[in-house]
Structure formats: C-alpha cells, structure tokens
4 protein chains.
Amino acid sequence: MGRAKTIDEVQLFQETEKLILESGYAGFHFKALSERLGVARSTIYNYYSKKEELITAFMVHLLEQVVENMDRASRSDDPVHALIQLWGRYANIHQMMQVMPYIDKEASPKVQKSVEAMFQLLQKMRSKIKDILIEEQQHGSVRDDVPLDTLAGFVMSAVQIPYRHQSEEEWAEEVYKLIRSGLSA
Amino acid sequence: MGRAKTIDEVQLFQETEKLILESGYAGFHFKALSERLGVARSTIYNYYSKKEELITAFMVHLLEQVVENMDRASRSDDPVHALIQLWGRYANIHQMMQVMPYIDKEASPKVQKSVEAMFQLLQKMRSKIKDILIEEQQHGSVRDDVPLDTLAGFVMSAVQIPYRHQSEEEWAEEVYKLIRSGLSA
Amino acid sequence: MGRAKTIDEVQLFQETEKLILESGYAGFHFKALSERLGVARSTIYNYYSKKEELITAFMVHLLEQVVENMDRASRSDDPVHALIQLWGRYANIHQMMQVMPYIDKEASPKVQKSVEAMFQLLQKMRSKIKDILIEEQQHGSVRDDVPLDTLAGFVMSAVQIPYRHQSEEEWAEEVYKLIRSGLSA
Amino acid sequence: MGRAKTIDEVQLFQETEKLILESGYAGFHFKALSERLGVARSTIYNYYSKKEELITAFMVHLLEQVVENMDRASRSDDPVHALIQLWGRYANIHQMMQVMPYIDKEASPKVQKSVEAMFQLLQKMRSKIKDILIEEQQHGSVRDDVPLDTLAGFVMSAVQIPYRHQSEEEWAEEVYKLIRSGLSA
DNA sequence: CATGAATGAGGCTTCATTCAT
DNA sequence: GATGAATGAAGCCTCATTCAT
C-alpha cells in the first residue's frame with residue numbers, strides 16, 4: 001500500500017547534520033536539504049512539518065546517542081579517558097549545540113517537547129560527568145581544590161580542541177594527557 | 001535639540017556586539033540594529049554599505065584589541081596566566097568567531113579585505129600562543145610530549161569553560177590551575 | 001474486523017456540511033475532511049476527483065431537499081408560514097450559498113453541470129416564493145404596492161434573522177409575525 | 001525627507017473592500033491587492049505587517065462609519081426609516097461581516113485589538129437599534145409582543161434584501177414599508 | 001548626512017492533486 | 001477501491017538594499 005519511500009529518517013538526519021555543520025542554523029533550509037536529498041521541498045514537510053521540528057528531533061537523537069555512550073564510558077576502567085575518546089567521536093555535538101539559542105522554542109508543541117528533552121539530556125550529561133569526577137575525587141585521583149562545576153566545564157570544553165593533523169585516537173590521547181595533568185612538564 | 005541624530009561609531013560597534021551575542025548571525029539585522037540605535041535603517045548604509053562590511057569591520061576591531069592585549073600578556077611574568085585572564089575578559093570572542101563561517105566572504109571587496117585581516121589576526125593569536133608555549137617549554141615549565149598545536153588548542157579551548165557562579169577573577173584562577181596541572185589531585 | 005474502511009456517501013455529505021459551516025470555503029480542505037472521516041486523503045479522490053465537484057454535488061443535494069420541502073410548504077394552508085418554518089429548519093442554506101461565489105466554476109465539466117443545476121434550483125426556489133406571494137396577492141392577503149422581487153427578497157432575508165434564545169418553533173412564530181405585519185404595533 | 005508615498009491608506013482600504021467583496025476572505029491576498037494598487041507585494045507590508053491586520057483595521061474603520069451614521073439616524077424624525085436608508089448605503093457591511101469567522105484572531109496583538117474593537121462596535125450597533133425600538137415601543141408605534149432581540153434581528157436582516165432593479169432610494173422605501181407593516185395588504 | 005518609501009529575492013508552509021502499490 | 005508517498009503551485013512573510021527627497 002502506498003508507494004515506496006524515497007527517503008528515510010536516517011538519510012534525513014544524516015543530511016541535516018551535514019547541512020547544519022556546514023552552514024549553521026541560518027543556512028539550514030528545507031530548500032537546501034531537499035536538493036541534497038533529491039526530493040521536492042514539500043516532501044520533507046510530510047516528515048517534519050516545521051524546520052524546527054526536524055532540527056530539534058535530530059538533536060535529541062544525537063544527544064541520546066551520546067548519553068548512552070556516556071553510560072558505557074562511566075563503567076570503564078578510566079572513565080575520564082573514555083569520555084575524552086567519546087568527545088573525539090562526537091566532536092560535532094558542541095557545534096550542534098551552539099545552534100540551540102537560535103531555535104524558536106515556541107514554534108510548535110513538538111518543538112517544545114524536543115527542546116525540553118534536550119535540556120534534560122544535557123542535564124544528564126553534566127551530572128554524569130560530575131558523578132565520574134566525584135567518584136575519582138573519592139579515590140584521590142581528581143583534585144578537589146577547584147569547584148566541581150568548573151572541573152566539569154573543563155572536561156566538556158575539551159570537545160572544542162580542534163583536530164590538527166591527528167587521527168581521532170591520537171587526538172584523544174593527547175587531549176587526555178592535557179586534561180589529566182595540564183600543561184606542566 | 002531636535003537636530004538630526006547622528007550615528008556614533010562607538011555605539012554602532014557596541015550594539016553590533018550585543019546584538020550578535022544575543023542573537024547570533026541569523027538574528028543580526030540592520031532592522032534590529034537601527035531600532036536599537038534609534039535611527040532609520042537606511043542611515044546605517046551611509047556608514048557601511050553592506051551587512052557583512054559592518055560585521056567584519058567590527059570583528060577586525062575586536063580581534064585587534066585582543067591581539068594588542070596578548071602582546072602585553074606575553075611580556076608578563078606568567079604569560080599563560082595572563083592569557084587565561086585575558087580569556088576571562090574576552091569570553092565572547094569565541095562566540096563571535098563562530099559567526100565567521102556564515103559570512104559571505106565575496107560580498108564586497110571591503111569584506112574580502114576585512115576577512116583577510118581577520119585571518120591574519122587569528123594567525124597572529126595562534127602564533128603568539130605558540131611562542132609563549134615554546135618559551136615555557138625551553139624553561140621546562142611546559143611539557144613537550146604533546147604537539148604544539150594541540151597544546152595551543154588546549155589553551156584556546158579554555159575560553160569555552162562557562163562562568164558558573166564566580167567572578168571573572170575566580171574563574172581565571174580556577175581555570176588557570178586546571179590548564180597548568182590538569183584534573184589530577 | 002479490520003477490513004479497509006469504505007467511505008459512506010451519507011457521512012461524506014454530513015461532514016462536508018459541518019466543515020463548510022464551521023470553516024467556510026477557505027477552511028474546507030480534503031485534508032480536514034479525510035481526518036474527520038478517518039480515511040486517507042487520497043481516498044476521497046476515488047469518489048470526487050476535485051474539491052469543487054464534491055462541494056457542488058453536496059450543494060445540489062441540499063437545494064434539492066429544500067425545493068422538495070418548498071413544494072410541500074406551498075400546498076399547506078398558510079404557505080408563508082410554512083416557508084418561515086422551513087427557514088427555521090434550513091437556517092444554514094443561506095450560509096452555504098455564500099460559498100458559491102468562490103467556487104471555480106470552470107474547474108471541470110462535472111462542476112459546471114452541478115453549478116448549472118444549482119442555479120436552476122435557486123431559480124425554482126425564487127419562483128416558488130413568488131408563486132406563493134402572487135397567489136396570496138390575489139386573495140388580498142399580501143400587499144401589491146411593493147414589487148414582487150422585493151417581497152420575495154424580504155421573505156428570503158428572514159432566514160438571516162439569528163436564533164436568540166428560542167426554540168426553532170418559537171423563532172418561526174416570532175419571525176412569521178414580523179414578516180406578516182411588520183414592526184407596527 | 002524620504003520619498004513621496006505612492007499609495008495611501010484611503011486607497012488601500014478602497015481596494016481592500018473591493019477585493020473582499022469580489023473574492024471573499026479566501027481570495028484576498030496581498031498579491032492580488034498589490035497588483036491592483038500597482039505596487040510590489042512587500043510594499044503593503046510596510047503598512048500592515050499581516051493580512052489580518054489590514055482586513056480587521058479596515059473593518060473597524062467601516063463599522064465606525066456606520067455607527068457614527070447610526071447616531072445621526074437615531075436623532076431623526078423616523079429613526080427606523082433612517083436606519084433602513086443607512087442599510088441602503090452600506091449594503092456591503094453584512095457581507096463584510098461574514099468574513100469575520102474566518103479571521104485568525106490570534107494572528108497578532110494588533111489583530112486582537114481590532115477584533116475586540118469590532119465586537120464592541122457591533123455591540124453598539126445592536127444596542128442602538130434596540131434603543132430606537134424601545135423608544136418607539138413607548139410611543140406605541142412598535143409592537144411589543146415579540147422579543148426585542150428578534151425585532152432587532154429583523155431590522156438588521158433587512159440589509160440582506162438584495163437590490164433588484166431599483167435605485168438605492170427606491171430600495172429603501174420599499175424595504176421600509178415591509179419592515180413597518182410586513183407583507184399584509 | 002538622515003530619512004521614509006519601495007522593492008526583490010529568498011525562505012516558510014499548506015494544500016490539491018497525482019502516482020504506484 | 002484504499003492508501004501512503006511525492007510533488008508543484010500558490011500564498012505568506014522578512015529582510016537587505018536602493019531611491020528620491
């Protein structure tokens with residue numbers, strides 16, 4: 001019944017991500033997206049009836065993946081290390097998140113729901129990081145002379161360190177060293 | 001009394017910065033800007049004949065300030081410390097820089113010039129950081145088991161660590177500790 | 001159990017009427033209609049291959065009912081009274097008729113036919129009213145110092161008098177008095 | 001300062017009225033309007049930033065005129081007569097009013113204000129009619145065996161009686177007779 | 001210079017309608 | 001027949017930019 005789909009959500013999300021990374025929120029239109037997908041602009045409206053709905057749905061999807069992976073990370077031997085490796089893999093979340101302030105949060109009820117979900121996920125991320133750090137503080141492997149919030153911010157900010165010429169793995173190793181023991185020789 | 005309002009270029013830049021910080025590139029319009037300045041939209045065209053010209057001119061201005069301050073920082077006792085303090089003061093440069101990818105660089109010759117200038121200034125920033133780090137490596141106070149680029153990225157990324165509840169000074173102290181010696185207790 | 005839903009034409013007309021009364025021509029979409037019927041939008045096209053075809057078919061159907069009832073009314077003791085009672089029952093025809101000007105009459109041959117039929121039915125309505133009035137004029141119970149067209153218009157306009165707090169019957173009685181003997185005490 | 005206007009509100013209202021009367025709410029677009037006015041579509045947005053704002057502003061303007069004229073009418077020798085004459089002159093208000101249900105009342109704060117104003121004006125119209133009728137009831141020239149609301153509805157509905165081949169004056173005279181003394185000979 | 005007016009380009013959305021299963 | 005998918009045309013709206021005073 002009905003004819004075969006020419007696009008699916010996976011493709012939609014893939015191209016959405018690419019487009020946002022390349023052109024940011026302002027440059028993200030259904031027009032551009034439809035051209036990349038090779039469908040009519042209006043076709044996309046059959047999937048998401050508002051620009052904001054697609055973007056936020058995608059971002060929720062992305063954050064969910066990250067949070068899921070953080071769970072795994074926190075159970076590893078060296079959770080901080082695992083976290084940094086995760087950052088290496090999802091280097092673009094941070095960039096994606098920067099789009100958030102520009103989203104019209106009242107665009108539709110669906111958008112509102114997604115935005116709420118995003119905040120909760122971010123909350124979860126932050127608290128998972130803190131949990132990891134607290135745990136390590138108790139083992140004496142993380143300093144406690146700096147407020148937890150700042151420590152967490154420090155760990156999260158590492159996601160911003162650009163890849164230079166390294167592989168993802170090299171990047172993670174180098175950054176891990178710095179996060180652990182700083183610039184000092 | 002009642003004579004035609006004239007635009008004060010200082011105010012122009014101030015409002016430009018505010019507007020970009022509040023709304024990002026997408027939300028930066030001459031319409032909004034003119035309303036804040038209390039002049040007609042078309043008046044701004046007597047100063048900058050293109051949106052991009054204004055934005056890029058402003059960004060060059062901003063970067064020049066930062067670079068100037070970096071010069072001073074690099075001559076201080078503890079240049080890394082001074083740098084972090086600088087980040088505290090210019091916490092928004094990073095956010096400002098994020099609009100760059102969305103600028104149509106071919107918009108006009110003036111824009112092209114400004115964009116070139118910006119790249120050179122960014123270049124300068126990066127190399128100043130590297131110079132500082134190299135200098136410290138020679139004194140043995142900065143590690144050399146991590147590539148210089150990554151070290152520089154690490155220092156720059158600190159600008160992203162959000163203020164929590166601290167003053168600018170507290171923020172700088174805490175972050176400095178982390179940059180210097182990392183998470184380790 | 002679970003066999004494909006089929007459209008009931010009676011229901012189709014019912015929902016069409018409701019929708020037009022609630023939302024007017026502008027608010028009448030196959031989208032809304034299909035939702036109310038619980039079928040796919042495209043299914044309606046198996047019955048009416050154009051929006052206009054459905055609307056006009058429905059209106060013909062409605063007018064036919066009214067004309068039929070007018071026949072009965074004109075054979076009653078007091079035909080004017082019966083007419084006003086009829087208006088009470090079909091208070092919405094007038095509202096329905098107001099969508100006519102917006103219909104694209106050339107939309108399809110079927111539409112053209114329906115539109116013609118509608119005009120003939122309206123013609124018939126008008127002339128039935130006139131017949132009734134002429135008959136009464138001959139009995140001396142209706143004035144002849146006002147052109148027949150205006151008299152007919154007067155009777156038809158009564159359909160517009162809104163229900164206030166009365167039942168349909170009360171409305172008809174009150175309006176009948178006014179139509180018969182006017183405002184005068 | 002600034003260049004000379006090419007359209008003014010008067011023209012805008014005139015063409016708005018014509019367009020609505022010809023094509024109804026659904027057929028009223030800024031595109032059609034701009035074509036008639038010989039300006040670009042976007043120009044109209046400099047005057048009214050939403051379709052609904054223009055329509056409702058116009059309707060308020062129209063009702064205000066009518067209400068003003070009703071004041072004059074109620075002070076005349078035969079207020080009911082004057083009212084019917086007024087209906088002759090503003091035969092289109094009723095048609096215009098039918099557009100109301102389709103207006104998105106939440107379209108903008110300005111729209112909301114206008115809609116409120118419209119309701120108040122309609123309220124005023126109705127109560128002015130009632131005042132007139134009450135006054136006449138006290139003089140014994142209007143019946144009191146029919147509820148006031150119905151009487152008022154009866155008077156208002158007269159606006160719907162179509163012109164046949166008469167002048168405005170003839171129409172008013174004929175309709176006045178009917179309103180006063182009904183169909184009876 | 002400052003301004004108010006006009007405009008075009010470009011993005012957003014909604015539907016009627018067609019297609020393939 | 002019934003359906004879900006795809007589409008194009010049409011209307012909405014917002015700006016950057018230009019023009020004439």
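All chains are named by letter (A, B, ...) in the order of the sequence lines, taking the proteins before the strands, and each is independently numbered beginning at 1.
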- prompt: Between D:Ser34 (side chain) and D:Lys31 (backbone), is there a donor-acceptor pair under 3.5 Å?
  reply: yes

query: Should E:dT21 form a Watson-Crick or G-U wobble pair with both distances under 3.5 Å, which nucleotide is its partner?
result: F:dA2

- prompt: Are B:Gln65 and B:Tyr90 close enough that a side-chain donor and a side-chain acceptor fall under 3.5 Å?
  reply: yes

message: Is the phosphate of F:dT17 approached by B:Lys51 (side-chain N or O, under 4.0 Å from OP1 or OP2)?
response: no

statement: The answer to which of A:Phe28 and C:Ala32 contacts DNA chain E further toward the 5' end, by nearest nucleotide, is A:Phe28

- prompt: Can you tell which of E:dT13, F:dA6, E:dA5 lies closest to the side chain of B:Ser42?
  reply: E:dA5

- prompt: How far apart are the C-alpha atoms of A:Glu15 and A:Lys18, what are their side-chain angles, what is the distance that settles it, and do they pass the salt bridge (Lys or Arg N to Asp or Glu O under 4.0 Å) test?
  reply: CA-CA 5 Å; A:Glu15 294 299 333; A:Lys18 275 196 219 164; 3.5 Å; yes

message: Measure CD1/C:Ile44 against C1'/E:dC19 and give the value in whole Å, please.
response: 17 Å

field: Spacing between A:Asn46 atom CG and E:dA20 atom C1', to the nearest angstrom
entry: 15 Å

- request: State, without any angle test, whether B:Glu52 and B:Ser108 hold a side-chain donor-acceptor pair at a distance under 3.5 Å.
  value: no

- prompt: Where the side chain of D:Lys5 is defined as all heavy atoms beyond and including C-beta, which of E:dT3, E:dA6, F:dT7 is the nearest nucleotide?
  reply: E:dA6

query: Hey, does the side chain of A:Thr43 come within less than 4.0 Å of F:dA5's phosphate (OP1/OP2), counting only N and O?
result: no

message: Within the 4.0 Å heavy-atom criterion, would you say B:Leu54 contacts the bases, only the backbone, or no part of the nucleic acid?
response: nothing

- prompt: Once you round it to whole Å, what is the distance between C1' of E:dA6 and CD of D:Gln11?
  reply: 14 Å

message: Parallel, tilted or perpendicular: which one describes the rings of D:Tyr45 and D:Phe30, with boundaries at 30° and 60°?
response: perpendicular

field: Rounded distance in Å - CD (B:Glu9) to C1' (E:dC1)
entry: 13 Å

- prompt: Does C:Tyr47 put a side-chain nitrogen or oxygen below 4.0 Å from OP1 or OP2 of F:dA2?
  reply: yes

Closest to the B:His29 side chain, choosing from F:dT3, F:dA16, E:dG4: F:dA16

statement: Per atom distances to the C:Tyr45 side chain, the nearest of F:dA16, E:dA16, F:dA6 is E:dA16

message: Side chain of A:Lys31, heavy atoms from C-beta onward: which of E:dG11, F:dC12, F:dT7 has the nearest atom to it?
response: E:dG11

- request: Specify the separation, in whole Å, of atom CG of B:Leu12 and atom C1' of E:dA2.
  value: 15 Å

field: N or O in side chain of D:Lys50 less than 4.0 angstrom from F:dC12 OP1/OP2
entry: no

task: Using atom OH of C:Tyr48 as one end and atom C1' of F:dG1 as the other, report the distance to the nearest whole Å.
output: 16 Å

- line: Winner on side-chain proximity to B:Arg41, out of E:dT7, F:dT17, E:dC15, is F:dT17

task: Specify the separation, in whole Å, of atom NZ of B:Lys110 and atom P of F:dT17.
output: 13 Å

message: Within the supplied structure, the quantity of interest is the number of heavy atoms (other residues, nucleotides, ligands) at a distance under 6.0 Å from A:Phe119 CZ; does it exceed 12?
response: no

Spacing of C:Glu53 atom CD relative to E:dA16 atom C1', expressed in whole Å: 13 Å

